[in-house]
Amino acid sequence: MFALIDCNNFYASCERVFQPDLNGKPLVILSNNDGCVIARSNEAKSLGIPMGAPAFKYKEIFQKNKVQIFSSNFTLYGDMSNRVMAIISKHVPDVEIYSIDEAFIKLNGFSENEANKKCKDIIKTVLKWTGISVSVGLASTKSLAKVANRIAKKNSDKTNGFYSINDNKKRIEALSNISTRDIWGIGFQNEKKLSRINIKNGIDFINLPDKWVKKNMSIIGLKLKKELEGTPTLEIEGGKVDKKSIATTRSFESEISSLDDLIERITTFSMVASKKLRRQNSECNMICVFIRSNPFKQNSERYHFSLTGSLPFSTSSSIEISKFAVNLLKKIYSKNRLYKKAGIILMGLSPQSNHQFSLFDKDLEKQKKLMKSIDNIDDKYGLYKVRLASQDQKRIWKMKRQKLSRNYTTEIDEVLIVS
DNA sequence: TCTGGGGTCCTAGGGCGA
DNA sequence: TCTGTCGCCCTAGGACCC
């Protein structure tokens, strides 16, 4: 049996834990730069505010309904997530942390009653210890556990946050009542394809021939079909898994066109990305750089230039990576154009311990020591205190985060004081 | 004025060596 | 030595997820 544990309206719940007066009020969390709505409380959902809504377009609705607005505080959400996952891991050994607010668990060797009890215990303990409410769906496969979780959440007044698809009748009923778009793994494009042949819900989908599904939705679609039929094709992926690529990308506060400005951004992104790389003790041998226009601008040309290059050696040095990235940037840069977003993606990741030595390694030890010193200074005085000459020394560009809450759990100066 | 960021996996198609 | 075929590898792009 698999269970999916999902935190309810996670980001909104994190804010409410420390500001309980927000309970019952509509609440939204905005993306970086306060751009889009990325999380909503139930009250905000019922006002018709969709996921991904551009904040500026909903200003009136926010004002009219006194919607509480927060900038995303990933330090807080990340810390609360760690606490929730630690509690789940105490209850069961087989845990897969699927995202910041979701975890799959495997309940092998448990009787049905024991599995049900375990799920209910988790709901109770997480709420008691963290203040975050979670929903749990239990079923024979991961995809069906997702469906069960959805039922648990949608009907929380009846389910108390727990639902189990434990027989065929319940499985058929659940699949009849879920539209294809709401099934995990069926996205916008696949829904369009299915809709064209009049496939509307989960039952319609599993009644399709395997051959059609494989041809039109690839092996992933076929695996999903088997899962919904009750045959597991996806396993728990436990343990700490190293990332296979690391990206740092940002939209700019306004369009920029000069090469010097772009070099400054790409250098800074390289510093951030290579730090992430060193944190997981990896190095990379491929770098992709991209720059693009504003896709939302009416009546103007859209462009997206990107280039991937292979390094002659593997490295985690900020200096090597930024030097290489800037060279790639120079190759794709074109004058007299306006750019709204840029980014760098590090690929070909391998553990530092497996380093393949090459002719270019004469400075390796020197670079390693330098990076270690930079990381030490950052640890002591705050992130990214050491900068390369091509970076903006004053850092005049900054993410817009006008409605940021406090770091209640990670900064001693910001903890709540109870008087 | 103002529309996020960071991942994974799969497939098609081209290059290239056996 | 030339040519055809097969399969592997790489890359770009698209789809999905949160």
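In what follows, every chain begins at residue 1, and chains take the letters A, B, ... in the order their sequences are listed. Values in this document were obtained by computation on a predicted structure and should not be read as measured data.
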How many Å lie between NZ on Lys341(A) and C1' on dT3(B), as a whole number?
11 Å
What pairs meet the salt bridge (charged side-chain N to carboxylate O under 4.0 Å, His left out) rule with one or both residues in residues 48-61 of chain A, with sequence neighbours excluded?
none
Is the ring pair Trp184(A)/Tyr98(A) parallel, tilted or perpendicular, if the boundaries are 30 and 60 degrees?
perpendicular
Validate the cation-pi geometry between Lys170(A) and Tyr163(A): distance from NZ or CZ to the six-membered ring centre under 6.0 Å, angle to the ring axis within 45°.
yes
Rounding to an integer number of angstrom, what distance separates dT3(B) and dC17(C) when you compare their P atoms?
25 Å
Using heavy atoms to find the nearest nucleotide of DNA chain B for Ile219(A) and Gly35(A) separately, return the residue whose nucleotide is more 5′.
Gly35(A)
Roughly, in whole Å, what's the span from CZ in Phe74(A) to C1' in dC18(C)?
10 Å
Could you state the atom-to-atom distance from CD of Gln189(A) to C1' of dC10(B) in whole Å?
15 Å
Using atom C1' in both nucleotides, what's the gap between dC16(B) and dG4(C) to the nearest angstrom?
14 Å
Rounded to the Å, how far apart are Tyr11(A) OH and dC18(C) P?
11 Å
Report the distance from atom CD1 of Ile100(A) to atom P of dG4(B), rounded to the nearest whole Å.
19 Å
Kindly state each residue pair satisfying salt bridge (charged side-chain N to carboxylate O under 4.0 Å, His left out) with at least one member in residues 70-97 of chain A, sequence neighbours excluded.
Asp79(A)-Arg83(A), Glu96(A)-Lys142(A)
Roughly how many Å is it from CE in Met217(A) to P in dT11(B), rounded to a whole number?
13 Å
For Lys223(A) and Ser31(A), take the nucleotide of DNA chain B holding the closest heavy atom to each; which residue's nucleotide lies nearer the 5' end?
Ser31(A)
What is the distance, to the nearest angstrom, from the CD atom on Glu253(A) to the P atom on dC2(B)?
11 Å
Need one value for Asp101(A): base, sugar-phosphate or nothing, where a base atom within 4.0 Å counts as base even if backbone is also close, heavy atoms only.
sugar-phosphate
Met51(A) CE to dC16(C) P, straight-line distance once rounded to whole Å
16 Å
